[in-house]
Participant: 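The following block contains the structure, expressed as structure tokens.
Within every chain, numbering begins at 1; the chains are lettered A, B, ... in the order of the sequence lines, protein sequences first and strands thereafter.
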There are 2 protein chains.
Amino acid sequence: MAATMKDLARETGLGLATLSKYFNGGTVRDKNRLLIEAAVKKLHYVPNEVARSLKTQQSRVIGVIIPELSNAFITSIISSMEDILRRHDYAVIVCDCRSDPKREKEAVEFLMHRRVDGLINMATDATGDHLKAALEANIPILLVDRLINSLRSRVSAVIIDNVYASGQAVHKLLDLGHRKIGLVLGSQHLYTTDARLTGYLSALRDAGITPDDRYIRYGDYTMDGGYQAVQELVKLDDPPTALFITNFEMTLGGMLALQQNGIEVPKDLSVIGFDKLELFGGIFPDLTLIRQPQLGIGRECANLMLDMLSNRESYSPRIVTLTTELTEGSSVRPLNP
Amino acid sequence: MAATMKDLARETGLGLATLSKYFNGGTVRDKNRLLIEAAVKKLHYVPNEVARSLKTQQSRVIGVIIPELSNAFITSIISSMEDILRRHDYAVIVCDCRSDPKREKEAVEFLMHRRVDGLINMATDATGDHLKAALEANIPILLVDRLINSLRSRVSAVIIDNVYASGQAVHKLLDLGHRKIGLVLGSQHLYTTDARLTGYLSALRDAGITPDDRYIRYGDYTMDGGYQAVQELVKLDDPPTALFITNFEMTLGGMLALQQNGIEVPKDLSVIGFDKLELFGGIFPDLTLIRQPQLGIGRECANLMLDMLSNRESYSPRIVTLTTELTEGSSVRPLNP
DNA sequence: TTGAAAGCGCTAACAC
DNA sequence: GTGTTAGCGCTTTCAA
């Protein structure tokens with residue numbers, strides 16, 4: 001059906017090597033170049049990447065396995081890395097495993113059959129079991145956002161400094177005199193949740209404050225979860241005077257809960273939220289936020305992966321930790337002004 | 001490096017045909033089956049889909065081109081169709097073209113080089129220009145959510161009945177006595193925007209009401225856009241008594257705007273929103289909503305594509321129109337109770 | 001049921 | 001610079 005290089009060879013009277021060289025950026029006599037270009041147009045020739053992949057033993061495909069597609073943080077990372085990878089002629093196959101370890105493992109197998117050149121994974125299975133086969137097959141693996149302890153020093157990762165981020169927010173609130181600081185975390189037993197809790201706890205400890213369990217809530221990283229968590233926090237007998245909410249969706253839900261309870265920010269309560277600054281622009285002007293460099297994470301992943309791919313032998317695993325930024329807004333204020 | 005069927009043949013003493021038959025579900029002598037299974041395990045054999053693709057002339061890859069990955073409606077469709085396609089052993093390559101027609105066209109080329117078996121497209125370029133090459137190459141194409149006029153009757157599509165959906169909402173408000181109905185639309189010149197406007201206008205016309213331009217706003221399908229649009233609407237001299245907001249993000253932004261203005265729903269204003277019922281669960285209890293069957297759209301796309309693929313010759317293009325549902329809540333009430 | 005052999009469309013080593 | 005050729009790992013006739 002579709003034209004092949006053989007057809008081009010017949011049409012132009014040239015050999016396959018010349019054609020191959022032309023398509024791969026080699027030097028070809030001007031006259032032949034024109035000949036080829038005319039034939040390509042005439043025959044509607046389209047290079048066949050499948051055949052090329054078989055020959056070169058490179059699929060130029062990167063497999064990406066994520067826990068969830070409906071999460072703003074995840075999609076913005078994906079779209080930034082997909083952009084860069086595609087520019088480098090790598091395709092991205094995304095597998096959403098719905099936070100199910102079984103599906104995650106199946107995704108790894110699925111992608112291995114397709115001979116992906118590399119694997120980027122925001123891991124659901126914290127044991128790292130699902131990556132064993134890929135590791136044995138020596139496929140470059142890059143973890144994002146979540147480390148896997150058993151794989152440390154064996155695979156690369158791009159993460160943010162969660163402990164620092166959390167500490168940064170809590171210190172800010174402590175500096176303003178707050179002592180009762182509510183914390184809204186993601187799902188339990190998740191790498192980022194643990195790290196953000198650690199940052200919170202050690203910041204309190206530094207300030208000589210004993211953490212109060214009632215102030216620590218798990219909101220599942222969803223809008224509804226954040227909403228519920230904040231509802232509970234503000235209804236405590238002795239409610240917190242400040243809140244730190246640890247992702248975008250929960251911040252949104254949390255702000256809604258505050259509005260519905262008639263609680264004014266920062267008059268009645270100081271709030272530090274998370275991510276997606278632009279979106280809050282007109283809506284919650286001047287919300288104080290911890291901002292993760294989502295585009296930076298995506299870019300770093302893409303570049304690291306490209307690096308691993310072009311230096312297969314000499315590449316040694318590394319953990320790249322990006323830092324967060326505290327964007328000062330006006331949703332916080334001193335406890336007793 | 002990795003084991004091939006040849007290695008298996010050597011290991012088992014069998015021929016390639018027997019192995020191929022085994023892997024493709026053919027009948028193999030029990031003794032040989034066991035032999036093969038042992039060898040697979042021993043050599044860590046993993047089938048090479050690339051080689052298979054070259055031979056069978058099927059990549060078992062579907063290309064999906066979308067305008068934006070950071071949109072809840074789009075990601076839920078994608079994740080539902082990816083799920084089904086992967087179950088059928090099709091991989092999905094997602095290309096986010098950031099609503100840029102140039103990138104969209106590049107994506108088509110990129111995917112054609114990779115010999116995708118089919119193309120699913122939520123189109124940015126309403127002229128359909130970008131699909132010409134794929135159409136000529138006779139690649140099955142499926143449009144989602146947005147029709148392309150010049151391609152009608154040539155490609156299949158899965159859409160929702162936007163005119164009906166919009167009319168449904170507006171009629172509901174009219175029945176309650178509302179005459180001044182604000183409409184928050186997506187970006188201008190988009191298929192869905194136009195259709196939803198049409199539904200609104202004809203519902204008003206049916207009721208003998210002359211539409212008021214000031215009540216029609218474009219919110220870009222974003223949270224901030226919805227927020228701004230509603231801000232403007234409620235500040236009109238003669239503000240609407242009811243609102244119809246036409247996607248999820250804008251509904252969210254709009255509700256925030258109302259809360260910030262101290263406008264109570266439905267006491268001061270009736271509201272019909274859009275999509276993502278679950279998320280509103282605890283947050284805006286009982287919001288009256290137009291609900292698109294996102295999972296159904298994804299499922300329909302996947303199944304239609306699988307159908308097109310297995311009946312290449314006999315398949316004739318069709319437009320599948322799914323209907324929306326009006327979920328009654330308590331965010332609307334009669335104008336003069 | 002099984003084996004031998006050809007070939008999918010491309011790249012790259014080699015010879016010219 | 002260009003042509004010839006072998007072969008990537010698989011499927012699929014065709015014979016046995």
Participant: Nearest-Å distance, CG (A:Leu8) to C1' (D:dG3)?
Facilitator: 16 Å

Participant: What residues from residues 47-60 of chain A pass a heavy-atom cutoff of under 4.0 Å to DNA chain D?
Facilitator: A:Leu54, A:Lys55, A:Gln57

Participant: To the closest 0.5 Å, what do you measure between CD1 (A:Ile160) and CD (A:Gln292)?
Facilitator: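 Reported value, rounded in 0.5 Å steps: 3.5 Å.
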
Participant: Would a distance-only check, ignoring hydrogens and angles, find a side-chain to backbone donor-acceptor pair under 3.5 Å from B:Asp100 to B:Cys97?
Facilitator: no

Participant: Using heavy-atom distances to pick each residue's nearest nucleotide on DNA chain C, tell me which of A:Phe23 and A:Lys6 is more 5'.
Facilitator: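 It is A:Lys6, whose closest nucleotide lies nearer the 5' terminus.
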
Participant: Would you please name every residue forming a side chain to side chain contact (heavy atoms under 4.5 Å, CB included) with A:Asp83, sequence neighbours left out?
Facilitator: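 Testing A:Asp83 for side chain to side chain contact (heavy atoms under 4.5 Å, CB included), a comparison that skips the adjacent residues, returns A:Arg87, B:Arg98, B:Arg103.
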
Participant: Could you go through the side chain to side chain contact (heavy atoms under 4.5 Å, CB included) check for A:Ile148 and A:Leu131 one step at a time?
Facilitator: CA-CA 10 Å; A:Ile148 293 178; A:Leu131 291 172; 4.2 Å; yes

Participant: Are the side chain of B:Asp117 and the backbone N or O of B:Arg60 linked by a donor-acceptor pair below 3.5 Å?
Facilitator: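 Yes, B:Asp117 side chain to B:Arg60 backbone: donor-acceptor pair under 3.5 Å.
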
Participant: Does the side chain to side chain contact (heavy atoms under 4.5 Å, CB included) test come out yes or no for A:Met5 and A:Ser20, once each step is laid out?
Facilitator: CA-CA 8 Å; A:Met5 277 176 53; A:Ser20 178; 4.0 Å; yes

Participant: Looking at B:Arg115 and A:Ala51, would you say the former's side chain and the latter's main chain have a donor-acceptor pair under 3.5 Å?
Facilitator: no

Participant: Would you find more than 12 non-hydrogen atoms of other residues, nucleotides or ligands less than 6.0 Å from B:Arg318 atom CZ?
Facilitator: yes

Participant: Quick one: label B:Thr4 by what it contacts on the DNA or RNA (base, sugar-phosphate, nothing), any heavy atom closer than 4.0 Å.
Facilitator: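 The answer is sugar-phosphate, as B:Thr4 gets under 4.0 Å only of primed atoms, P, OP1 or OP2.
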
Participant: CE of A:Met5 versus C1' of D:dT5: gap in Å, rounded?
Facilitator: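 Checked: the CE to C1' distance equals 13 Å.
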
Participant: Whether the side chain of B:Arg146 engages the backbone of B:Ala123 through a donor-acceptor N/O pair (distance < 3.5 Å, no angle test) should be reported.
Facilitator: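 At least one qualifying donor-acceptor pair exists.
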
Participant: Which of residues 33-45 of chain A sit near DNA chain C, with a heavy atom under 4.0 Å from it?
Facilitator: A:Tyr45

Participant: Would you kindly give the OH-to-P distance between A:Tyr22 and C:dT11, to the nearest whole Å?
Facilitator: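 Computing the A:Tyr22:OH to C:dT11:P distance gives 13 Å.
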
Participant: Holding to side chain to side chain donor-acceptor pair (under 3.5 Å), I want the full list of residues that pass it with A:Ser187, two or more places apart in sequence or in another chain.
Facilitator: A:Asp220

Participant: Could you go over nucleotides 14-16 of chain D and give all protein N or O partners under 3.5 Å, atom names and distances?
Facilitator:
none

Participant: Just do the side-chain hydrogen bond (donor to acceptor under 3.5 Å, both in side chains) check on B:Asn121 and B:His130 with the steps written out, would you?
Facilitator: CA-CA 10 Å; B:Asn121 179 212; B:His130 59 296; 2.9 Å; yes

Participant: If I take atom CZ in residue B:Arg115 and atom P in nucleotide C:dG9, what distance separates them, rounded to the nearest angstrom?
Facilitator: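 Taking CZ of B:Arg115 and P of C:dG9, I get 8 Å after rounding.
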
Participant: I'd like to know if the side chain of B:Ser150 reaches the main chain of B:Thr127, judged simply by a donor and an acceptor atom lying under 3.5 Å from each other, with no hydrogens or angles considered.
Facilitator: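 Checked: pair present.
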
Participant: Is the side chain of A:Ser53 donor-acceptor paired with the backbone N or O of A:Gln58 at a distance under 3.5 Å, no angle test?
Facilitator: yes

Participant: Would you tabulate the nitrogen or oxygen pairs shorter than 3.5 Å linking the protein to nucleotides 2-5 of chain C?
Facilitator:
| unit_1 | atom_1 | unit_2 | atom_2 | d |
| --- | --- | --- | --- | --- |
| C:dT2 | OP1 | B:Arg29 | NE | 3.3 |
| C:dT2 | OP1 | B:Asn32 | ND2 | 2.1 |
| C:dT2 | OP2 | B:Arg29 | N | 3.3 |
| C:dG3 | OP2 | B:Gly15 | N | 2.5 |
| C:dG3 | OP2 | B:Thr18 | OG1 | 2.6 |

